[in-house]
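Step one of this worksheet: look at the structure below.
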Amino acid sequence: MAVAPPPEVSGREKLSQWANSHRKWLFASPAVLFIVLLIVIPIGWTLYLSFTDAAGSVRAPFGFVGFDNYIDALTNTSRFWPAVWRTAVFTVGALIFELAAGLAIALLLRRPFKAQGWVRVVVLLPFVATPVAIAMMWRLIFNPNIGFANQVLGWFGIAPQPWFADPSSTLPTLIFVDVWEFTPMIAVILLAGLTSLSDEPDEAARIDGAGAWQRLWYVTLPLLRPMILVAIMLRAIDALKTFDLLYVVKGPGGGSFHEAETLNIYAYTESLLFSNFGYSSAVLILFFLMIVLVMWLLTLRRREVT
Amino acid sequence: MTTARVAGAGRGRHPHSVPVRRRPLRQRSYSAFRGLMIALVIVIFLAPLLWMLMSSFKRNVDIQDTSKSFVFSPTLANYTEVFGRDDYLDFVGNSLWIALWATALSLLIGVPAAYAMSRFNMRRSALVVLLARIIPGVSLLVPWYYIFANLGWVGGYSVMILSHMFILIPISVYIMMSYFDSMPPDLEEASLIDGLTRIGAFLRIMLRLSLPGIATAGILSFIFSWNNFMFALVLTSSETRTLPVAVFDFVSYASIDWGAIMAASVIMTVPIIVVALFAQRYIVSGLTAGATKG
């Protein structure tokens with residue numbers, strides 16, 4: 001924000017010069033200040049709390065404990081590390097299926113057809129609809145006794161499944177719901193990418209005798225790669241932070257066996273429900289570092305491409 | 001839009017370019033396969049939502065009875081129950097009030113910022129704003145809760161609006177940045193030569209021309225605020241509760257009242273679906289604006 005000292009001129013000119021050299025900050029500073037105030041102070045506060053034994057109430061006194069909270073978290077193999085693992089499984093699992101299905105749908109809708117507008121609206125609905133309503137809806141559908149999912153399985157002679165009711169099938173079922181909810185987002189982004197591509201490289205490959213799969217693999221996908229990476233990045237950020245779905249389906253602690261406890265749910269439960277502010281702040285800082293690391297790795301990949 | 005692209009796409013797909021009887025079998029079976037797949041996509045994404053809608057018109061005994069999955073006598077009882085309960089209309093009002101204020105204030109702060117970041121190439125500031133998109137909400141909620149609780153603000157509308165602005169400003173900034181990027185700078189330069197100041201040019205020329213972009217940012221902001229659950233779960237009181245939290249609270253009743261929950265979910269989702277129907281193009285362009293900028 002440093003500005004060169006203004007040359008000696010009259011007051012009025014000085015003012016207009018000041019406004020001119022600062023004009024960009026006149027526009028931008030409210031937003032930047034707002035974000036900085038609401039991020040930097042809180043993150044600083046979290047960092048500070050992570051070295052204390054703050055707990056119980058927001059007004060309770062607390063003292064410094066050094067790195068104890070970090071050591072506690074990193075040596076906690078019953079909650080912390082399983083939560084890290086679940087976060088990774090949920091994010092990577094959901095992302096793989098969402099990308100594959102999203103790409104398939106984008107390719108399917110690429111060429112115009114009758115009722116294309118309506119299909120696009122239908123595809124928009126899952127991820128603009130309120131996530132809490134979506135989570136409630138799937139809780140009913142996956143209810144082992146009265147749910148529609150087991151009824152459909154029954155039509156094909158498949159035995160009823162426990163879905164969310166069993167700790168071992170909870171995470172896969174949650175991934176399924178996330179895939180249902182966010183595949184459309186990937187599809188919409190990739191569809192926009194596909195329609196912005198020129199037809200010429202594809203046409204040239206066709207004239208050279210390349211088949212549909214070859215053209216997809218050697219022409220379309222490489223051209224679409226920047227869009228695919230951006231879609232991965234946007235989705236990865238949100239999947240790592242998934243809260244609504246997990247909390248509405250399994251509640252605090254990720255259920256009685258912590259079967260849905262990702263880092264986000266773990267940190268939320270420890271901090272805002274059990275008020276272990278010091279310890280949970282350490283978990284949050286570790287979570288934050290993890291997200292920054294993932295983003296950094298993804299942007300490295302992007303720079304390689306461009 | 002569609003007709004223009006049909007003409008542009010040409011190449012055999014167009015009915016007139018290739019006589020129907022000479023279309024090879026492979027191509028015809030591909031069209032049939034494609035139609036089937038598109039139908040499958042529609043069923044997969046629409047059926048669960050229709051199930052929610054249907055369940056909201058069922059009595060709880062019919063929801064429990066799998067033989068009444070499709071044949072049942074519809075009832076409005078769930079809807080009258082939801083609206084009769086706990087001042088549900090107040091929750092609708094809270095959601096609307098918070099979403100409208102958060103959207104308006106985010107646009108007020110975000111649009112000029114996006115203009116400056118786009119025109120003066122303020123990449124570092126843009127990155128700071130993007131940071132708000134990456135940081136997990138929980139890591140802010142703890143200190144916010146700490147600070148706001150000590151100030152005695154938790155449970156008020158202002159805290160909710162502030163917390164939502166935190167999510168919405170990055171959305172507005174990124175959508176508007178890519179919108180301003182796509183507008184030729186000649187427009188303002190002409191008006192600067194005509195004697196307008198930078199601020200004047202922004203207010204009189206750019207704002208008016210960027211109305212579609214502002215609509216996009218506004219619609220997406222409203223949706224994100226309306227849908228938000230985590231911040232509302234922590235920062236609202238019984239007077240400021242929003243719809244997602246109100247619906248979630250239904251679960252804690254002794255037995256799960258599925259009919260009422262589905263009705264409440266439908267009530268909460270319908271406004272968003274209506275917005276999506278009318279503003280489909282804006283939503284898509286808003287999403288892809290974030291994507292192409294990255």
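By convention in this document, chain letters (A, B, ...) are assigned in the order of the sequence lines, proteins followed by strands, and residues within each chain are numbered from 1. Computed from a prediction, not measured in an experiment: that's the story for all the values here.
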Side chain from CB out, backbone as N, CA, C, O: work out which of these in F33(B) comes under 4.5 Å of a heavy atom of chain A, or both, or neither. neither
Establish, yes or no, whether a centroid distance under 6.0 Å links the rings of F166(B) and F34(A). no
Can you tell which part of F202(B) gets under 4.5 Å to a heavy atom of chain A, answering side chain, backbone, both or neither? side chain
Of the backbone (N, CA, C, O) and the side chain (C-beta and beyond), which part of L49(A) lies under 4.5 Å from a heavy atom of chain B, both, or neither? side chain
Checking heavy atoms, do the side chain of F243(A), its backbone, both or neither come under 4.5 Å from chain B? side chain
Find the one option among L162(B), I147(B), V275(B) whose heavy-atom pairs under 4.5 Å with chain A are most numerous. L162(B)
Let me know if I63(B) has heavy atoms under 4.5 Å from chain A in its side chain, its backbone, both or neither. both
Could you give the distance from CD1 (I272(B)) to CZ (F127(A)), rounded to the nearest 0.5 Å? 12.0 Å
Best-contacting candidate, W226(B), Y145(B), F224(B), against chain A by heavy atom pairs under 4.5 angstrom: Y145(B)
CZ/F148(A) to CH2/W51(B) distance, rounded to the nearest 0.5 angstrom? 5.0 Å
Is the shortest heavy-atom distance from the side chain of V122(A) to the side chain of V41(B) under 4.5 Å? no
Turns out that what part of I285(A) lies under 4.5 Å from chain B's heavy atoms comes down to neither
Counting only heavy atoms closer than 4.5 Å, note whether W180(A) contacts chain B via side chain, backbone, both or neither. both
Under 4.5 Å from any heavy atom of chain B, what part of L272(A) do you find: side chain, backbone, both or neither? side chain
Which bit of R119(B) comes within less than 4.5 Å of chain A, counting heavy atoms only: side chain, backbone, both or neither? neither
Okay, M268(B) and chain A: the region with an atom under 4.5 Å from a heavy atom over there is both
Okay, N150(A) and chain B: the region with an atom under 4.5 Å from a heavy atom over there is neither
Side chain, backbone, both or neither of I237(A) within contact of chain B (heavy atoms, under 4.5 Å): side chain
